[in-house]
**Student:** 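Let me give you the structure first, and then I'll get to my questions.
Reminder, nothing fancy here: chain letters follow the sequence lines and each chain counts from 1.
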Amino acid sequence: MQKSKMVEQYPFREIEPRWQKRWDEEELFKIDTKNADRKYYCLVMFPYPSAALHVGHGRNYIIGDAVVRYKMMRGYRVLSPMGFDAFGLPAENAAIKNNIHPETSTLQNIANMKTQLRRWGCGYDWLREVIACLPDYYKWTQWIFLQLYKHGLAYRKKAAVNWCPSCRTSLANEQVVNDRCERCESLVEERELEQWFFKITDYAERLLDDLKLLGGWPERVRTMQENWIGKSYGAEIDFPIAVSGEIIRCFTTRADTLFGATYMVLAPEHPMIASLIKGQKAERSCLRFVGEAKKQGKRVRVLEQTEKVGVFTGRYCINPTTQEKIPIWVANYVLMDYGTGAVMAVPTHDQRDFEFAKKYNLPMKIVIDRPTKPLALGEMREAYVEDGAMVNSAQFNGLPNREALEKIVDWLASKKMARRTVHYRLKDWLISRQRYWGAPIPIVHCAKCGTVPVSESDLPVLLPKNVRFKPTGVSPLTEHPDFKSTACPQCKGQARRDFDTMDTFVDSSWYFYRYISTREEAKAFDSNDVNRWLPVDQYIGGVEHAILHLLYSRFVNKVLYDQKFVSFKEPFAKLFTQGMIIKDGAKMSKSKGNVVSPDELIQNYGSDTVRLYTLFIGPPEKDAEWNDQAVEGCYRFLGRFWRLATFVISEGKSDSRFKPAEEGQVNAGDLERHLHLTIKKVSDDLEGDFHFNTAVASIMELINLAYQFRPESQADWNLLKQLVKNTMLLLAPFVPHLAEELWQAMGEKKSIFRSGWPSFDSDRMKLQKIEIAVQVNGRVRSHVTIPADLGEEALKVRVLEDSKVKTWLEGKNPKKVIVVPKRLVNVII
RNA sequence: GCCGGGGUGGCGAAAUUGGCAGACGCAUGGGACUUAAAAUCCCAAGGAGAGAAAUCUCCAUGCCGGUUCGAGUCCGGCCCUCGGCACCA
């Protein structure tokens, strides 16, 4: 790139800062939320304050800004807020490494990012800025916690967390990639810790059900949430233990295979194991096995390559369908946290059970037969998992297995040995973090009263600033004397605070309400205002948040709905997830060294060019490869438009760098027609699913056409003026500085963003004469130009007279002639 | 394994939802302007073949088949690729 040699296409360096300043001064994006007339809430996912933004981040804000400006021009009162998801581990790690307080570096980063956003020309109501790490925000994050606590939706239990042995800290699920720590790549371990959870599982059914209300969401995201919630229908079946009569309860989705259940398998953590094996011969070997399995940890156990191993307990239970005694085993492949931790094993119709049974020589029985070739036990190499007819299943023999499934459950249910149940894959949300840089959990631990919530009037629980950073494995707050001890809110006795902080996903699960009431000091938000302005009309962000953030926010919304703080069931009416920007085949990241910095690009081409290219690069929902050379193409186009516009504004007197076409290859009628077509196309593209790329392409076409037009009369000049003026409006959401500059150069006084959106006239889009493609046997052989209103029969006659058609006909009569009005004629021979 | 995207020129991509495949842009080639270059403006361009030429013919949207006058688009069966979930009972 020879940027230094490049001639400046137009004076963007002077224009852009000037308009950025003017828009600030005029408070173009300031909104009063007491008034919700023609409201439009456009929300871009608030960023984590990293050191510098690259063009990949930029796509998010540029798309958002284009939507905001377009809707403004459509006459909406658009709320466009911005804030920062400012708590979190990276800042804390940087603090440890560089010996700088995370608040200092975070606030510095925020200042930098605001400068960058401003330079991009992205417009926000900065009076509504939200910064998650400041007490006036996290006070209310703590309030959210208390609301959940109050209704039994926040609880404490001992649980295994992801633990990175080299960073000596716990990690969030999302920071564990393929069982390894995202930063240092060491294998993640498990550690048992007393933790706070939010009971999101109570809402599993509604979170799943209400996905139906989200027609404005990409199907992909809805499906991902559906998978994550993972609902499965099945039944719990009771297996009495031989002799004792105690019940082992197991969950199955395949009750049709019950007659083939030839053994029972328990998870090593199953609570009944101890009493089962007590006094048995196998007691010692069982205990050893359980101990090893637990030591191995769940994470390793579920790895695909981990061998399935197990041990016999020496005890039996009764298959409730056959009354047969079947052995009870313990095996590493059964998980305690799905279903009941007990699995009825059907080796003939489940692949894992099949492998396990082969290995330990356990009995097998076929209960569903293959419709094609009957199964034979001796010949089976794998489990038969397809459908078929029931066999070896008493009164159910001969039934299709899917039908038998229901009947077997009914039959056992009538004997009170089974009941229909539903299981979810979704787990409760673990929100405790043993880290410093987060909102303290507003709980006090008192020896007398137990866990006691801090009262709302005592919020915020301030995060102390003078702490020592070293990776010890416990929160630095543990060592902080002032923070540590406090009075119990209940008995006023000596007590200690909870040392943990909240997952940053709690911070981000409610920020979109706070934007409505940023200045509110007495409450998290004003319900009346929030109910007027939400749901968010358009949410825009990366697909990487498809599950966590979007699911948590939906959950919190439902909790607030139940407690009557909000009156809507879902917080985000429409969701748009933009694709990533790729460079050299990989996602842009500092560590990969493939980031494209916007600063240099803006210096060389201006932010309007960067914006235009970002929108033109491809369909916004798809990933796209960044191409520096293609940026220049957009820069050239803006220059081309600038030259045309300045030439037209002065009626050919000023800009000597523009030369009109020597002979007009386009007439005024065509040009006007295309102007109206373009207005329609751009409007449709923006109203639809953000087809910025094709909208830009059609504007380019229009300008290319205008270059072919030679103005000869005052009417021609007026047409050209109308054209460039409308094009400014069409371009304004994409290239706001250039559009505003030219707009005012045309003598307009009001901001272009307060000047409405152009309309088109369908009558002016019509052609007098149209060209029709003529096919012979489905292949295009000729074209005819006809009056637009020519009737079908007349068209047929005209086509059959065509010399090329005659040649193909070779004097014969056509079998059939198909006419597609205004498009083509197909002559079948 | 299950679920969901995708597969179109040298490249990013379009295609009015079944109607002229490749708009627009990048890269490329040529021309104009210029002492020259840059910039700008104009023109060409999917591949193969025929022709002096205008033109013409054939082949082309991952592969195979089907429906249809007509398929990038619809149906059936494969292949590849990206993403999500997964010893889930």
**Student:** Determine the interatomic distance between P on B/U81 and the same-named atom on B/U8; round to the nearest Å.
**Tutor:** 14 Å
**Student:** Name the orientation of the base relative to the sugar in B/U17: syn if the glycosidic angle is within 90° of 0, else anti.
**Tutor:** syn
**Student:** Which part of the nucleic acid, if any, lies within reach of A/N693 when heavy atoms closer than 4.0 Å are counted: base, sugar-phosphate only, or nothing?
**Tutor:** sugar-phosphate
**Student:** Aromatic contact between A/H549 and A/F505, with the criterion being ring centroids under 6.0 Å apart: yes or no?
**Tutor:** no
**Student:** Within the structure, does a side-chain N or O atom of A/Q9 lie under 4.0 Å from either OP1 or OP2 of B/U40?
**Tutor:** yes
**Student:** How is A/N826 classified with respect to the nucleic acid when contacts are heavy atoms under 4.0 Å: base, sugar-phosphate, or nothing?
**Tutor:** base
**Student:** Between B/C63 and B/A13, how far apart are the two C1' atoms, rounded to whole Å?
**Tutor:** 23 Å
**Student:** A/K583 NZ to B/C11 C1': how many Å, rounded?
**Tutor:** 14 Å
**Student:** Under a 4.0 Å threshold between the charged nitrogen and the carboxylate oxygen, would A/K358 count as salt-bridged to A/E355?
**Tutor:** no
**Student:** Parallel under 30°, tilted from 30 to 60°, perpendicular over 60°: which one fits the rings of A/F637 and A/F641?
**Tutor:** parallel
**Student:** OP1 or OP2 of B/C2 versus the side-chain N and O atoms of A/R425: is any pair under 4.0 Å?
**Tutor:** no
**Student:** Categorize A/G633 for me: base, sugar-phosphate, or nothing, with a 4.0 angstrom heavy-atom threshold over every strand shown.
**Tutor:** sugar-phosphate
**Student:** Step through it carefully: locate the ring centre of A/F12, locate the ring centre of A/Y605, and say whether they are under 6.0 Å apart.
**Tutor:** no
**Student:** Using a cut-off of strictly less than 4.0 Å, decide whether A/R352 has a side-chain nitrogen or oxygen near OP1 or OP2 of B/C88.
**Tutor:** yes
**Student:** Searching all strands shown, indicate the nucleotide that pairs with B/U16 (Watson-Crick or G-U wobble; both distances under 3.5 Å).
**Tutor:** none
**Student:** Could you check which nucleotide pairs with B/A89 in any of the strands shown, counting Watson-Crick or G-U wobble with both distances under 3.5 Å?
**Tutor:** none
**Student:** In the strands shown, is B/U55 matched to any nucleotide by a Watson-Crick or G-U wobble pair with both distances under 3.5 Å, and which?
**Tutor:** B/A50
**Student:** Taking the six-membered ring of A/Y10, is the NZ or CZ of A/R643 close enough (under 6.0 Å from the centre) and on axis enough (within 45°)?
**Tutor:** no
**Student:** Mind checking if A/K231 touches a base, just sugar-phosphate, or nothing, with heavy atoms under 4.0 Å?
**Tutor:** nothing
**Student:** What distance, rounded to whole Å, do you find between the two P atoms, one in B/G76 and one in B/C88?
**Tutor:** 29 Å
**Student:** Side chain of A/M700 only, heavy atoms from C-beta on: which candidate in B/C24, B/C26, B/G19 is closest?
**Tutor:** B/C24
**Student:** Counting the benzene-type ring for Trp, do A/F616 and A/F692 have ring centres under 6.0 Å apart?
**Tutor:** no
**Student:** Given B/U40, B/C20, B/A89, identify the nucleotide with an atom nearest to the side chain of A/R636.
**Tutor:** B/U40
**Student:** Can you tell me if the side-chain N/O atoms of A/R640 get under 4.0 Å from OP1 or OP2 in B/C41?
**Tutor:** yes
**Student:** Pairing check on B/G4: which nucleotide meets the Watson-Crick or G-U wobble criteria with it, both distances under 3.5 Å?
**Tutor:** B/C82
**Student:** Can you find a donor-acceptor N/O pair under 3.5 angstrom joining the side chain of A/H783 to the base of B/C20?
**Tutor:** yes
**Student:** On RNA chain B, does the nearest nucleotide to A/G341 precede the nearest nucleotide to A/A624 from the 5' side, or the other way round? Give the residue.
**Tutor:** A/A624
**Student:** Using the C1' atom on both, measure B/G5 against B/C41 and round to a whole Å.
**Tutor:** 43 Å
**Student:** Are the charged groups of A/R13 and A/E8 less than 4.0 angstrom apart, N to O?
**Tutor:** yes
**Student:** Taking any heavy-atom pair under 4.0 Å as a contact, classify A/N777: base, sugar-phosphate, or nothing.
**Tutor:** nothing
**Student:** Select base, sugar-phosphate, or nothing to describe what A/P218 touches, counting heavy atoms under 4.0 Å on all strands.
**Tutor:** nothing
**Student:** Can you tell me how far C1' of B/A14 sits from NZ of A/K622, to the nearest Å?
**Tutor:** 11 Å
**Student:** Within the structure shown, what part of the strands sits under 4.0 Å from A/R222 by heavy-atom distance: base, sugar-phosphate, or nothing?
**Tutor:** nothing
**Student:** Is any side-chain N or O of A/R823 under 3.5 Å from a base N or O of B/U16, one able to act as donor and the other as acceptor?
**Tutor:** yes
**Student:** Paired with B/C41: which nucleotide, if any, by Watson-Crick or G-U wobble criteria at under 3.5 Å for both distances?
**Tutor:** B/G31
**Student:** May I ask you to say what A/Y707 touches in the nucleic acid, namely base, sugar-phosphate or nothing, with a heavy-atom cut-off under 4.0 Å?
**Tutor:** sugar-phosphate
**Student:** Does B/G9 sit syn or anti, given that only angles within 90° of 0 count as syn?
**Tutor:** syn
**Student:** Side-chain N or O of A/R779 less than 4.0 angstrom from OP1 or OP2 on B/C59?
**Tutor:** yes
**Student:** If only side-chain N and O atoms of A/Q708 are considered, is one of them under 4.0 Å from the OP1 or OP2 phosphate oxygen of B/C42?
**Tutor:** yes
**Student:** Could you state the CD-P distance from A/E544 to B/C82, rounded to the nearest angstrom?
**Tutor:** 19 Å
**Student:** Taking pairing as Watson-Crick or G-U wobble with both contacts under 3.5 Å, can you name the mate of B/C11, or confirm there isn't one?
**Tutor:** B/G25
**Student:** What's the gap between B/A14 and B/C2 when it is taken at their P atoms, as a whole Å value?
**Tutor:** 30 Å
**Student:** Between A/E219 and A/K804, who's closer to the 5' end of RNA chain B by nearest nucleotide?
**Tutor:** A/E219
**Student:** Can you tell me how far P in B/G62 sits from the matching atom in B/C26, rounded to whole Å?
**Tutor:** 26 Å
**Student:** Just to confirm, is there a sub-4.0 Å distance from OP1 or OP2 of B/C42 to any side-chain nitrogen or oxygen of A/N704?
**Tutor:** no
**Student:** How many whole angstroms separate atom CG of A/L208 from atom C1' of B/C85?
**Tutor:** 14 Å
**Student:** Can you classify the ring geometry of A/Y552 versus A/W429 as parallel (below 30°), tilted (30 to 60°) or perpendicular (above 60°)?
**Tutor:** parallel
**Student:** For B/U61 versus B/U73, give the span between their C1' atoms, rounded off to a whole number of Å.
**Tutor:** 10 Å
**Student:** B/C41 C1' sits how many Å from A/I703 CD1, rounded?
**Tutor:** 16 Å
**Student:** Write down the partner of B/G76 under the Watson-Crick or G-U wobble criteria, each distance required to be under 3.5 Å.
**Tutor:** B/C64
**Student:** Categorize A/I617 for me: base, sugar-phosphate, or nothing, with a 4.0 angstrom heavy-atom threshold over every strand shown.
**Tutor:** sugar-phosphate
**Student:** Going by modelled atom types, is there a donor-acceptor pair between the base of B/C85 and the side chain of A/N227 at under 3.5 Å?
**Tutor:** no
**Student:** Separation of A/E621 atom CD from B/A14 atom C1', in whole Å?
**Tutor:** 14 Å
**Student:** Please answer whether the main-chain N or O of A/V367 pairs with a side-chain N or O of A/H349 as donor and acceptor at a distance below 3.5 Å.
**Tutor:** yes
**Student:** Can A/D387 and A/R402 be counted as an ion pair, charged N to O under 4.0 angstrom?
**Tutor:** yes
**Student:** Has the side chain of A/K308 got a donor or acceptor that lies under 3.5 Å from a partner of the other kind on the base of B/C87?
**Tutor:** yes
**Student:** Please report the distance separating the P of B/C43 from the corresponding atom of B/C80, rounded so that it comes out in whole Å.
**Tutor:** 46 Å
**Student:** Which part of the nucleic acid, if any, lies within reach of A/A630 when heavy atoms closer than 4.0 Å are counted: base, sugar-phosphate only, or nothing?
**Tutor:** sugar-phosphate
